[in-house]
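Below, chains carry the letters A, B, ... as their sequence lines are ordered, and counting in each starts from 1.
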There are 2 protein chains.
Amino acid sequence: MKFSKKSEYGLRALLELCETYGGRVLQRHEIAARQNIPVEFLEQILLALKRAGLLASRRGIRGGYTLIKSPEEITLGQVIRILDGPLAPISCVSKTAYQKCSDCPYATKVSCPLQEAMGVVRDAIANILDHYTLSRFALSKQAEGSYAHHDRS
Amino acid sequence: MKFSKKSEYGLRALLELCETYGGRVLQRHEIAARQNIPVEFLEQILLALKRAGLLASRRGIRGGYTLIKSPEEITLGQVIRILDGPLAPISCVSKTAYQKCSDCPYATKVSCPLQEAMGVVRDAIANILDHYTLSRFALSKQAEGSYAHHDRS
DNA sequence: ACATTTGTCTAGTGAGTTGCTCAAGAAGTC
DNA sequence: GACTTCTTGAGCAACTCACTAGACAAATGT
């Protein structure tokens with residue numbers, strides 16, 4: 001149940017791009033240096049985000065990347081889906097990439113216990129991540145209190 | 001962000017063991033056949049659950065596995081942690097397996113945006129899974145309605 | 001006693017994923 | 001047209017996942 005480095009780097013990169021939103025462009029190496037990310041790997045991530053329509057880019061000496069949508073409009077859920085695929089913990093409960101499980105004996109039945117439980121988890125994750133905007137995300141760069149009640153994990 | 005087959009199989013196996021709880025033992029091949037799981041793989045899973053104290057076993061011709069704790073006392077969270085490790089989506093927010101992220105520039109700061117966001121996700125997942133008992137899980141074998149509101153995932 | 005049937009343990013393995021790296025090319029700028 | 005940036009694609013070592021295999025230990029039946 002881990003998110004990949006790709007998502008992590010992507011989100012950290014967007015953090016930088018949020019800061020210069022509306023202003024100047026940022027180059028790969030600037031982002032990479034500030035966020036401590038391998039440049040060549042970061043590049044792939046930025047390209048993916050560009051193809052998904054979040055970023056614009058320019059080549060040449062004054063080139064670089066910019067956010068093309070406002071940080072209010074972008075959610076962590078979007079970004080993670082772009083870089084990591086669907087959020088669902090098992091694919092038979094995914095809304096964006098549903099797949100009937102082949103080996104599960106409940107696949108043909110009316111209800112599946114696993115599907116029931118994992119559906120709840122997926123909804124919870126999606127609910128949080130699809131309402132967590134980049135602007136709120138970038139906010140916690142400066143300050144912040146604590147959150148929610150703490151169980152183990 | 002997927003759970004492994006190990007967790008899935010483990011939970012499905014426990015579904016069977018719940019049914020005979022307090023009664024007879026179940027053998028690997030019975031569970032495997034009913035739940036459509038490769039026997040030898042299932043074995044590893046059952047052993048792990050045994051070492052964790054959820055199952056007891058007997059060898060020999062009348063041997064097999066039994067649940068040793070009541071389905072009320074076992075949660076999906078426990079099982080998944082045993083088979084898949086910590087629930088936390090990144091290790092710097094794990095309560096059971098915390099690790100300071102080495103490359104993150106916020107690691108030394110007071111707050112990290114990623115940690116903030118992922119902490120919320122972890123709490124949500126843990127909250128659901130640590131309160132979802134095996135008995136409730138086994139319940140949805142017979143019937144069930146739908147749950148929560150549906151966003152994408 | 002001894003064969004049979006079960007669980008126990010350790011190691012191996014092929015396929016796929018992750019987290020990068022490299023190199024050649026295309027498009028801007030000066 | 002030289003230089004700088006993004007763009008594309010391929011490649012690759014290390015690791016994880018989902019199993020598989022085999023030797024061994026204990027319980028039972030005869």
Checklist entry - Is there a side-chain polar atom (N or O) of A/Lys50 under 4.0 Å from OP1 or OP2 of D/dT7? => result yes
Checklist entry - In whole Å, what is the span from the CG atom of A/Leu46 to the C1' atom of D/dT8? => result 15 Å
Checklist entry - Of the candidate nucleotides C/dC20, D/dC19, C/dT5, which contains the atom at the shortest distance from the side chain of A/Lys5? => result C/dC20
Item to check | SB check B/Arg12 B/Glu8 (cutoff 4.0 Å) | outcome: yes
Checklist entry - Charged N to carboxylate O under 4.0 angstrom, B/Arg24 versus B/Glu30? => result yes
Item to check | Euclidean distance, atom CD1 of residue A/Ile61 to atom C1' of C/dA26 [Å, nearest integer] | outcome: 16 Å
Checklist entry - What is the minimum heavy-atom distance between A/Leu83 and A/Gly10, and which atoms define it? => result CD1-CA, 3.8 Å
Next on the checklist: Pairing donors with acceptors under 3.5 angstrom, does anything connect the side chains of B/Asn36 and B/Tyr9?
Outcome noted: no
Next on the checklist: Counting the atoms with a prime plus P, OP1 and OP2 as sugar-phosphate, which does A/Phe3 contact under 4.0 Å by heavy atoms, base, sugar-phosphate, or nothing?
Outcome noted: nothing
Item to check | Distance, rounded to the nearest Å, where A/Leu83 contributes CG and C/dC20 contributes C1' | outcome: 15 Å
Checklist entry - When you measure from the side chain of A/Leu47, which nucleotide among C/dT6, C/dT21, D/dT8 comes out closest? => result D/dT8
Checklist entry - Mapping A/Gln44 and B/Gly63 to their closest nucleotides on DNA chain C, which lands nearer the 5' end? => result B/Gly63
Next on the checklist: Tell me the interatomic distance from A/Phe41, atom CZ, to C/dT17, atom P, rounded to whole angstroms.
Outcome noted: 15 Å
Next on the checklist: Please determine whether the number of non-hydrogen atoms from other residues, nucleotides or ligands lying under 6.0 Å from atom NZ of A/Lys5 exceeds 12.
Outcome noted: yes
Next on the checklist: Can you tell me if B/Ser57 touches the phosphate of C/dT6, counting only side-chain N or O atoms and a distance under 4.0 Å to OP1 or OP2?
Outcome noted: no
Next on the checklist: Using whole Å, what does the distance between atom P of nucleotide D/dA27 and atom OH of B/Tyr65 come to?
Outcome noted: 14 Å
Item to check | Residue whose nearest DNA chain C nucleotide is more 5′ - B/Asp103 or B/Glu40 | outcome: B/Glu40
Item to check | Test log, rule side-chain contact (heavy atoms from CB on, under 4.5 Å), inputs A/Tyr65 and A/Leu26 | outcome: CA-CA 5 Å; A/Tyr65 297 88; A/Leu26 278 182; 5.6 Å; no
Next on the checklist: Taking donor-acceptor contacts at under 3.5 Å, does the side chain of B/Arg62 reach the base of D/dA27?
Outcome noted: no
Checklist outcome for this item: Picking from C/dT5, D/dT20, C/dC20, the nucleotide nearest the side-chain atoms of B/Pro38 would be D/dT20
Checklist entry - Does a distance-only test, which skips hydrogens and angles, find a donor-acceptor pair under 3.5 Å between the side chain of B/Glu43 and the base of C/dC9? => result yes
Next on the checklist: Is there a salt bridge (charged side-chain N to carboxylate O under 4.0 Å, His left out) between A/Lys2 and A/Asp84? Walk through the geometry before answering.
Outcome noted: CA-CA 10 Å; A/Lys2 286 259 175 69; A/Asp84 252 17; over 6 Å; no
Checklist entry - Rounded to whole angstroms, how far apart are CG on B/Asp84 and P on D/dC17? => result 7 Å
Item to check | Within residues 22-36 of chain B, residues whose heavy atoms come under 4.0 Å of DNA chain C | outcome: B/Gln27, B/Arg28
Checklist entry - Which pair of non-hydrogen atoms, one from A/Tyr106 and one from A/Cys112, has the smallest distance, and what is that distance? => result CB-CB, 3.6 Å
Checklist entry - Quick one: which of D/dT5, C/dC9, C/dC20 gets closest to the side chain of A/Arg59? => result D/dT5
Checklist entry - Can you check the A/Tyr9 OH to C/dC20 P distance for me, whole Å? => result 4 Å
Checklist entry - Tell me: CD1 of A/Ile45 to P of C/dT18, nearest whole Å? => result 12 Å
